[in-house]
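See structure below.
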Protein chains: 4
Amino acid sequence: MSLAAIETQSQEPVKNGRKSASEVPDTRFDRRLADVLTHASRIFWEKGYEGASMRDLSRATGMSLAGLYHYFESKEELLYLIQKHTFTTIIERLRQRLEDATDPEERIRIFIHNHLEYFLANKEAMKVLTHEDETLKNGRGAEIAAIKRDYYRICLGLLEELGRAQGLQFSGRLAVLSLFGMVNWIYTWHNPRIDADANSLARQMGDLFLHGVIHAAKPKRKNSKRKL
Amino acid sequence: MSLAAIETQSQEPVKNGRKSASEVPDTRFDRRLADVLTHASRIFWEKGYEGASMRDLSRATGMSLAGLYHYFESKEELLYLIQKHTFTTIIERLRQRLEDATDPEERIRIFIHNHLEYFLANKEAMKVLTHEDETLKNGRGAEIAAIKRDYYRICLGLLEELGRAQGLQFSGRLAVLSLFGMVNWIYTWHNPRIDADANSLARQMGDLFLHGVIHAAKPKRKNSKRKL
Amino acid sequence: MSLAAIETQSQEPVKNGRKSASEVPDTRFDRRLADVLTHASRIFWEKGYEGASMRDLSRATGMSLAGLYHYFESKEELLYLIQKHTFTTIIERLRQRLEDATDPEERIRIFIHNHLEYFLANKEAMKVLTHEDETLKNGRGAEIAAIKRDYYRICLGLLEELGRAQGLQFSGRLAVLSLFGMVNWIYTWHNPRIDADANSLARQMGDLFLHGVIHAAKPKRKNSKRKL
Amino acid sequence: MSLAAIETQSQEPVKNGRKSASEVPDTRFDRRLADVLTHASRIFWEKGYEGASMRDLSRATGMSLAGLYHYFESKEELLYLIQKHTFTTIIERLRQRLEDATDPEERIRIFIHNHLEYFLANKEAMKVLTHEDETLKNGRGAEIAAIKRDYYRICLGLLEELGRAQGLQFSGRLAVLSLFGMVNWIYTWHNPRIDADANSLARQMGDLFLHGVIHAAKPKRKNSKRKL
DNA sequence: TATGAATGAGTGTTCATTCAT
DNA sequence: TATGAATGAACACTCATTCAT
């Protein structure tokens, strides 16, 4: 699913988008808008949502200020579109990859890998997602929050599968949020020149997280020497 | 160490260096400025650094706009002071608590507990620290970055102690940054009404992290059945 | 005379003078444009000429922004067309009704009634006429001003007839403009639910005005007690 | 009461107007703001409220755009201040002049004269008052509407006095609103070079209106020939 | 010590209008 | 005949900051 696609989709209710009968997507049209969103993503990443001005976007995209408003209702809509696209894409990919796997550990590793792979390839989007978490208001904010909750629930579900399979007892919430912290934090430190790639990172973080969960949550055996 | 103290200290070079060495510190004065920083912290937390205006701060503190500039060079200095104070305080506390402990695992648990305890009590500061990571420019930015590196190195050191003690082999960098992710992320989700307190959280995260590190990094024993 | 007609008429010189004399008028076409003017009238009334945007008009009429410009040169032309139509219509009706009456008082009552009746039925147009009095520039402004002067002169003529018939001496100008004030002001206060209809209003205002003029202007008789 | 005075008064709740202990009005300060209001009045008159830009006001007053906002919350507040001042002043003057007169006719003539005199001397204010009748929103709009109703009621009261004194029967509402129309309309036509001054105009309009009311409302005598 | 006054530069957004199709 | 795309100029308003007092 391309940025253009999601953009077009959300563009529907805006203005009087006629959208001709035959519905052949005008790719030249869509590409233009997708471009804008890509640039916007970068600018929001560099300067933050508040710090970025529509004039910055105008400059970056080569589109006039008023032209921007021809396509997008407001600065907030740009943020919304970016966040929605990002979340939708990552969830969609995750679902596809999860289809083939049944082993609970494997499935969690898929989750981690999917997350890291996407965000290492789209670091800007990642920061925009996490930094501008509470920026969107009302309807748009609620919509993104709902998608985010979906993502959370998927991960929680995976963890519960694992728990059932191995007879573990632990707080799913804490585990999920700890995992989210680990994998989300990368945008603050990952340097492609010195740090491992998504595959390697996913394996290492998977090891760390899964061993942590499994051993920490294993019902104490009688002869376990000491607390840890 | 009070906010007032750090503030005063950094205020020294500013403008009319009236504050000669021998002078008894005017605590009424200091308290006022500490108040300003506390309010500023809250406002930056609520609106972000860019989103917060000096007028917002003026309103929140009850000090006139010009009054703010009488004490603080610029909006950026306020951010700098807050970040410096936060980091300095947390590191200082950590060092004190570390003094009494020698067991490597115990020391890492102290690190985690210290971090969570401070940030659960100062959630605003936390967000201001992590969100406005790259906001400070030049000298001030470099100074904060240096303190941050200190903090990172302390944590890395603790991990290396553990590795040596237990004969583990793992990437310290990845482990530290994963841990940072886990503990820093709390400001995005911690709800005092439903989530555990710092002690409990520190114990659980400590379990998760330490089991993860130790078991994931343990040199494979010959008879280890399976990958995990 | 329909709005469409006047519109068409003034449209003649615009752009591609396609509309050759012999052509049968396309009424479907005309009705569309008349509709636009009716809507425009309402929007100008609600928001004022300056406050109304072409986008408002586009929305209200369902015609695209560019479509509006296809038929009308500019926003100013829309105002011009509305004002011209309104004035032309009211004068035309007045002339018809005046044809049958000869009594000077009767003729003034016809003037008042015609004015009130039209404007009570077209309150929007009325406000657009009086509020946007000086908005039109150059040629268009002059043309409307000329029509307005016509209307003024007709009324002045009626008053002079009355003066001659009854041997009155008074300032026609002041009387006309006082009358205009009385009857034009209604758009600011008339509430169809509590105020009388055009017939009743015309009678009452006619009484007030005519008694006022006649008694105030009657050459003093020797035994008139006092000024009033 | 000077423009400065009313301005100062309404300025009180704005921002943190400290307003020193002794309360000696700083006339230099007030004069500046009164100046701004006078200029604003003129600009609103020339271009209408919507058509006038804050930049126009900035240019006209010689004060920077941001400076304007230092003193006035918004463009709307400027309009409010002008309207409030105008209405308050004219009502205050009216009340003073009414104090000495007891004859009902005389009192109505005072009303007319007061109105015309003020508005011939302040034609801008007049247009701003009548044209921007519905511009103010919410609280400010309600406040001005209340003052306006006061003014209406005073006039209605005067007419009822006259009715009682002379045993007339007529719609007070219609009479008041007709009178308002007559006297308010002058701003559309009065040309000081060719038209009479306030005194003369007030006398003539007074004659017209009073004769109109009295003769139109006089209970029909048996031998009155015909309707008029 | 502390503030009201003042501002140049910038904000997000809307304007009337043009033009290729 | 009719419209989507596009824009330069303007809009009301806010910004961080300075300065005289």
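Since the model is a prediction, treat every value here as computed from it, not as a measurement.
Here the side chain of A:His131 pairs a donor or acceptor atom with the backbone of B:His131 at under 3.5 angstrom. Side-chain atoms of D:Tyr49 come within 3.5 Å of backbone N or O of D:Glu76 as a donor-acceptor pair.
Under the ring pair (Phe, Tyr, Trp, His ring centres under 6.0 Å) criterion, A:His39 pairs with no residue at all, not counting sequence neighbours.
Here the side chain of A:Ala66 is nearest to one of E:dG8, E:dT14, E:dA6, namely E:dT14. The side chain of C:Met63 has F:dT3 as its nearest neighbour among E:dT1, F:dT7, F:dT3.
Per the geometry, CG belonging to B:Leu57 stands 13 Å off C1' belonging to F:dC15, to the nearest Å. As a whole-Å value, the separation of C:Leu79 CG from E:dA16 C1' is 15 Å. When rounded to the nearest whole Å, the span between CG of B:Leu33 and C1' of E:dT1 equals 12 Å. Note: CZ (B:Phe72) to P (E:dA2) measures 12 Å, nearest angstrom. Distance NE2 (A:His70) to P (F:dT7): 10 Å, rounded to an integer number of Å.
Ion pairing of B:Arg32 with B:Asp35 is absent here, as no side-chain N (NZ or NE/NH1/NH2) approaches a carboxylate O to less than 4.0 Å. Contact check on D:Arg140 versus D:Glu73 returns a salt bridge, with a Lys/Arg side-chain nitrogen under 4.0 Å from an Asp/Glu carboxylate oxygen. Ionic pairing of B:Lys47 and A:Glu134 is not present here: no N-O contact between side-chain nitrogen and carboxylate oxygen is shorter than 4.0 angstrom.
The distance from atom CG of A:Leu57 to atom CZ of A:Phe72, rounded to the nearest 0.5 Å, is 9.5 Å.
At the phosphate of F:dA6, OP1 or OP2 sits under 4.0 Å from a side-chain N or O atom of A:Arg32.
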Close N/O contacts between protein and nucleotides 10-12 of chain F (under 3.5 Å):
from: F:dC11; atom 1: OP1; to: D:Ser53; atom 2: OG; distance (Å): 3.3
from: F:dA12; atom 1: OP1; to: D:Ala52; atom 2: O; distance (Å): 3.2
from: F:dA12; atom 1: OP1; to: D:Lys75; atom 2: NZ; distance (Å): 2.9
from: F:dA12; atom 1: OP2; to: D:Met54; atom 2: N; distance (Å): 2.9
from: F:dA12; atom 1: N7; to: D:Arg55; atom 2: NH1; distance (Å): 3.1
from: F:dA12; atom 1: N6; to: D:Arg55; atom 2: NH2; distance (Å): 3.3

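Of all the heavy atoms in D:Ile43 and D:Ala60, the pair that sits closest is CD1-CB, 3.8 Å. The shortest heavy-atom contact between B:Ser64 and B:Ser58 is C-OG, 3.8 Å.
A stem is defined here as three or more consecutive Watson-Crick or G-U pairs, each with both distances under 3.5 Å; for DNA chain F these stems are E:2-21 with F:2-21.
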